Protein chains: 2
Amino acid sequence: MDKILRVNMSDLSTRTEGVPKEWAGLGGRALTSTIVAKEVIPTCHPLGDNNRLVFAPGMLSGTAAANTGRFSAGAKSPLTGTIKESNAGGLAAQQFARLGIKALIIEGLPKEEKWYSLHVNQDGASIAEETELIGKGNFAVVDTLEARLGKKTGVITIGPAGEMRMLSANISVKDSDSKLRSHGRGGLGAVMGSKRIKFISIDDSKAPAVPLFDAEKFKTAARAFAKAVIEHPATGEGLPTYGTAEMVNIVNAAGGLPTRNFTFGQFEKHEEISGETLRETIIARGGKPKHGCQPGCIIQCSQVYHDKDGNYVTSGFEYETIEILGANACIGNLDDIAAADYIMDDIGVDSIETSVAFGVAMEGGVLPFGDGKGVLRILKEDVGAGTPLGRIIGNGAGHVGRTFGVTRVPVVKNQAIPAYDPRSIKGIGITYATSTMGADHTSGYAVGTNLMGVGGGVVDPLKKDGQVELSRHLQIITVMLDTLGLCLFVGFPAADMPTCVPALMDMLNARFGTELTPEWIGGLGVNTLKTERAFNIAAGFTNKDDRLPEFFREPVAPHNAVWDFTDEEIDAFWDF
Amino acid sequence: MDKILRVNMSDLSTRTEGVPKEWAGLGGRALTSTIVAKEVIPTCHPLGDNNRLVFAPGMLSGTAAANTGRFSAGAKSPLTGTIKESNAGGLAAQQFARLGIKALIIEGLPKEEKWYSLHVNQDGASIAEETELIGKGNFAVVDTLEARLGKKTGVITIGPAGEMRMLSANISVKDSDSKLRSHGRGGLGAVMGSKRIKFISIDDSKAPAVPLFDAEKFKTAARAFAKAVIEHPATGEGLPTYGTAEMVNIVNAAGGLPTRNFTFGQFEKHEEISGETLRETIIARGGKPKHGCQPGCIIQCSQVYHDKDGNYVTSGFEYETIEILGANACIGNLDDIAAADYIMDDIGVDSIETSVAFGVAMEGGVLPFGDGKGVLRILKEDVGAGTPLGRIIGNGAGHVGRTFGVTRVPVVKNQAIPAYDPRSIKGIGITYATSTMGADHTSGYAVGTNLMGVGGGVVDPLKKDGQVELSRHLQIITVMLDTLGLCLFVGFPAADMPTCVPALMDMLNARFGTELTPEWIGGLGVNTLKTERAFNIAAGFTNKDDRLPEFFREPVAPHNAVWDFTDEEIDAFWDF
């Protein structure tokens with residue numbers, strides 16, 4: 001029987017509730033956003049006692065279907081001040097789903113300055129005081145909890161950055177290698193830190209399999225879905241071969257590779273950080289060129305990176321981090337970037353926000369562009385230790401810009417712009433501007449259509465035509481992916497393979513005994529986006545916040561592209 | 001002949017323009033706000049090349065009338081993101097007025113990383129490169145310029161904080177003692193720093209007297225005005241005797257003295273920082289218990305503070321700084337506060353913003369409450385030197401709060417709340433919430449009516465009744481004070497002495513040959529407030545920004561008062 005777990009840190013109580021009817025047909029992002037919109041005062045301080053932190057597995061999580069294990073976290077973001085949903089791989093979505101937990105809602109703040117942990121199992125949630133792991137990095141948390149609770153324990157954890165309530169603090173989830181995947185964006189780790197919860201351990205050993213209304217139909221649909229994923233060139237070939245870093249050369253060729261704090265669109269050392277170089281390096285050193293962020297992943301776009309001596313350095317080493325530290329901070333050196341990636345994961349900061357923050361810090365004169373060793377030193381000695389400089393960097397790109405008086409600060413709604421220049425890939429610029437989450441490429445990944453022809457139609461990345469419509473369509477579809485617990489890249493076969501969406505609907509209906517049609521997707525997307533936007537408006541946001549920073553009026557080489565959308569053109573996004 | 005001086009830092013050009021007809025009947029704040037609203041793109045980056053910095057003397061500045069020497073500076077504020085007018089005493093208003101300069105408008109940013117100065121005289125403005133004084137404190141700037149240009153030179157200057165574009169950086173103006181008065185609030189020093197202007201020197205030696213349309217009428221009116229000021233108990237007795245620090249005991253008795261970062265409304269050591277103690281100390285040490293911020297001041301609420309050995313420490317030592325460092329940061333020691341005041345003036349930070357920032361830093365664990373020596377050390381070694389901690393503090397209270405994850409951060413529109421608790425002095429709370437400038441007691445000083453019966457009517461400080469109407473009335477009247485170049489305290493006789501406003505109108509009409517009536521004041525106030533608010537709305541502000549921080553729902557001792565205005569009640573402020 002599905003349930004809601006509710007934890008109140010003000011009186012250290014927990015309870016199990018039935019699922020209200022209006023939440024029953026939801027999961028993942030649609031559910032976290034619905035709960036946050038209903039239960040959180042939009043104008044509250046995100047680190048105060050009126051904010052709530054919500055976790056929810058996707059609707060298809062816990063089943064045997066491929067790539068359905070994304071786990072949503074939601075709250076009012078301390079970074080952006082907007083509503084926030086950020087999803088991660090790892091084990092937790094599948095574990096929550098098997099335990100029948102539709103959502104975990106954490107409210108209130110403890111009265112005492114103690115630290116706590118939550119433990120979730122078939123009986124519900126319980127709270128314990130925690131001392132040993134306070135101040136420890138995420139990897140130590142996982143290792144210690146496996147020693148304490150057994151190898152199979154699930155873990156959701158924050159690092160020192162979350163404890164210190166840094167605005168770039170993420171929430172990490174243990175994966176099947178006992179490494180980490182993260183709810184990266186929007187500083188949700190600071191919300192967990194404000195509630196003084198260091199980690200959540202999960203025991204699903206006594207959980208039954210996820211119930212299926214029609215097991216046979218589900219199996220058939222899941223097979224058709226997997227086939228669509230495998231037969232698409234991006235999810236079946238490009239991503240499994242080169243990982244997400246395959247984008248380095250593609251985006252560089254398009255002139256949209258943010259370089260030197262978004263000053264140029266191409267990086268002279270792009271070959272040194274490309275997906276091709278990454279793959280060769282990993283293979284030569286005995287790492288893993290393929291790896292999944294979740295059990296059941298058939299794309300395997302992740303990988304495990306080793307050093308020259310063959311020792312583990314990092315995993316889940318993504319295009320964003322590689323590009324932003326590599327080209328945007330001009331550190332053309334995979335070893336330095338990988339070492340930074342590991343530290344960021346351990347101290348628990350979003351590697352996008354933090355990497356962009358370093359680019360701004362370099363423009364502000366804190367360290368030179370290209371100083372990879374400086375980045376490593378500041379991450380270890382400052383961010384991890386919470387020195388004043390560390391707190392500045394750990395509070396994200398906007399904070400760094402304000403601190404050092406930098407005017408070229410690539411943020412929207414105070415969240416760092418990821419690794420695609422919006423001037424030369426204009427569709428993603430519309431997503432950055434209009435997303436309810438602040439600048440976020442994953443909320444409407446127009447890069448696929450702009451650069452790789454996903455979706456069939458041609459939308460010229462350098463022209464304004466069709467970009468608003470493209471971003472709107474993708475943002476609506478993406479809600480479905482984030483709600484079902486699907487990997488973002490399922491968006492590619494969903495757009496291109498005619499069998500994919502019908503298979504998804506069949507899986508849903510076979511799982512729940514519903515009769516949903518593909519039209520349901522549009523309604524879900526529209527409703528969720530409108531719910532999120534209404535929260536933001538009630539929090540004080542206006543169309544004026546749906547803007548890119550002024551400096552994107554500067555032309556960017558090689559196309560001398562500028563950000564030339566009028567306010568009216570951007571605002572038309574919301575005409576639905 | 002009145003003129004506008006326009007300086008373009010992008011091409012290092014200057015020019016003299018005629019005064020457009022629609023600006024001719026304005027001065028001070030009404031003029032700076034009109035110019036900023038017309039010429040500045042509301043969504044621009046305040047430190048970027050689209051912001052403009054405007055200086056304007058009051059309409060009555062330069063005449064022999066008492067207390068008419070306030071000088072307005074305006075721009076889009078980098079601290080608040082709103083339009084900003086901040087006015088200061090000193091010599092500049094009188095000098096500009098005598099030179100016939102209605103306004104100085106500085107636009108653009110230099111292309112090169114050089115520093116410049118402006119020189120203003122009867123021929124207009126000229127630009128020179130500056131090297132010697134870069135990095136120097138404000139007092140060194142004044143001393144050096146007097147050596148370079150003669151004792152009579154006027155000076156408008158920024159300290160290291162302004163050079164570093166810290167968001168609390170002020171702009172200082174030389175006074176008749178060769179000390180400083182400041183455009184404190186809103187970080188206008190950072191705007192001057194962004195334009196790479198270290199100082200403006202003023203030579204008015206060849207300026208004629210300010211022309212008067214009817215000299216005799218002016219003289220008579222000025223005499224009546226001075227009489228009204230001198231006969232009012234506040235401006236004739238209280239302020240001249242104890243300075244602004246007379247408020248310490250009054251506000252403490254009312255339970256509205258912010259203490260320990262706005263946790264309590266009374267301070268056990270209030271006697272140690274009271275106006276009475278200040279006066280005794282100054283007299284015992286041979287300082288000056290009376291002093292004016294401008295030539296022609298007949299209130300003399302300022303003073304010169306000496307140390308135990310009789311040596312000069314600081315002047316312009318105001319209630320706000322004394323209260324906020326004294327009670328709110330729990331430093332019950334006038335010597336420490338005075339030493340801090342001097343350093344803040346020298347490095348060029350707003351002593352309100354910075355003092356509140358220390359309270360938040362103390363709550364965030366950066367230093368203990370009451371650590372006066374720690375404040376002095378951080379001011380000297382960090383803020384003045386621009387270390388990471390110094391930049392955090394120097395960017396103001398909101399920035400400190402975000403940096404250290406503090407939730408009790410007393411700011412409105414990111415500007416620090418001054419030294420009156422809005423829960424127990426509710427009228428000033430409405431001013432904080434609704435002012436177009438961010439939290440600012442000087443934009444509608446309801447404390448006078450709430451605590452001292454100014455204006456005759458009784459408006460109970462602890463009740464909501466009448467506060468919105470009171471604040472609205474005062475904000476409208478204050479525009480007139482800020483536009484004529486009048487000291488804020490003229491508001492007391494203007495409210496209570498029936499001869500005061502007619503005398504002001506007579507002075508204006510005698511100066512300009514106009515036929516303005518007292519009704520003109522209301523129209524000026526309404527129009528200016530609406531112009532300022534329209535700018536803010538175009539910049540993205542909404543009613544949601546007219547709110548006090550969430551933590552003011554906490555009751556404050558001794559009255560257990562809470563901030564209990566509804567959104568609708570606050571928003572009714574704008575119903576005019």
Side-chain angles (χ1 to χ4, degrees), chain A residues 41-51 78-79 109 162-167 169 187 190 193-194 361 364-366 382 386-396 398-409 414 537-547 549-551 553 567, chain B residues 41-51 78-79 109 162-167 169 187 190 193-194 361 364-366 382 386-396 398-409 414 537-547 549-551 553 567:
Chain A
I41 299 166
T43 53
C44 77
H45 195 299
L47 303 178
D49 63 354
N50 284 320
N51 201 1
L79 182 75
L109 298 183
E163 293 181 36
M164 292 187 275
R165 288 158 292 155
M166 288 179 180
L167 301 184
S194 75
V366 177
D382 292 294
T387 67
L389 177 60
R391 286 184 180 267
I392 293 166
I393 303 276
N395 280 317
H399 199 77
V400 173
R402 277 187 296 279
T403 304
F404 294 104
V406 178
T407 53
R408 301 179 71 262
V409 184
N414 200 42
I537 289 171
F541 285 81
T542 71
N543 287 352
K544 295 289 191 309
D545 297 295
D546 287 357
R547 301 289 178 263
E550 204 178 15
F551 83 85
R553 305 270 165 184
D567 290 355
Chain B
I41 300 166
T43 54
C44 77
H45 195 299
L47 303 178
D49 63 353
N50 284 320
N51 201 2
L79 182 75
L109 297 184
E163 293 181 37
M164 292 186 275
R165 287 156 294 155
M166 290 181 180
L167 301 185
S194 75
V366 177
D382 293 294
T387 68
L389 177 60
R391 286 184 180 267
I392 293 166
I393 303 275
N395 281 317
H399 198 78
V400 172
R402 279 188 295 279
T403 304
F404 295 103
V406 178
T407 53
R408 300 180 71 262
V409 184
N414 200 44
I537 289 170
F541 286 81
T542 71
N543 287 352
K544 295 292 191 308
D545 298 294
D546 287 358
R547 301 290 178 263
E550 205 177 14
F551 83 86
R553 306 270 165 184
D567 290 354

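Basis for what follows: all heavy atoms, side chains included, without hydrogens, waters or symmetry-related copies. Model, not experiment: these values are computed from the prediction. Proteins get letters first, then strands, A, B, ... in listed order; numbering begins at 1 in each.
- Top candidate by heavy-atom pairs under 4.5 Å with chain B, chosen from A:Ala538, A:Ala539, A:Gly390, is A:Ala538.
- Heavy atoms closer than 4.5 Å to chain A are found in the backbone of B:Ile537, but not in its side chain.
- Side-chain contact between B:Arg402 and A:Thr403 is absent, with no heavy-atom pair separated by less than 4.5 Å.
- B:Thr542 touches chain A through its side chain: at least one heavy atom from C-beta onward sits under 4.5 Å away, while N, CA, C and O do not.
- Listed by chain and residue number, B:Val360, B:Glu363, B:Phe404, B:Val409 satisfy the side chain to side chain contact (heavy atoms under 4.5 Å, CB included) test with B:Val406 (two or more places apart in sequence, or in another chain).
- The candidate with the highest count of non-hydrogen atom pairs below 4.5 Å against chain B, out of A:Gly193, A:Gly386, A:Pro388, A:Pro46, is A:Pro388.
- Applying the side chain to side chain contact (heavy atoms under 4.5 Å, CB included) criterion to A:Ile41, with sequence neighbours excluded, gives A:Thr43, A:Cys44, A:Asn50.
- Put simply, the side chain of B:Val366 reaches to within 4.5 Å of the side chain of B:Leu389, judged on heavy atoms.
- Chain A forms more heavy-atom pairs under 4.5 Å with one residue of B:Arg408, B:Arg391, B:Arg165, B:His399 than with any other, namely B:His399.
- Put simply, the side chain of A:Asn51 never gets that close to the backbone of A:Leu47: no donor and acceptor are under 3.5 Å apart.
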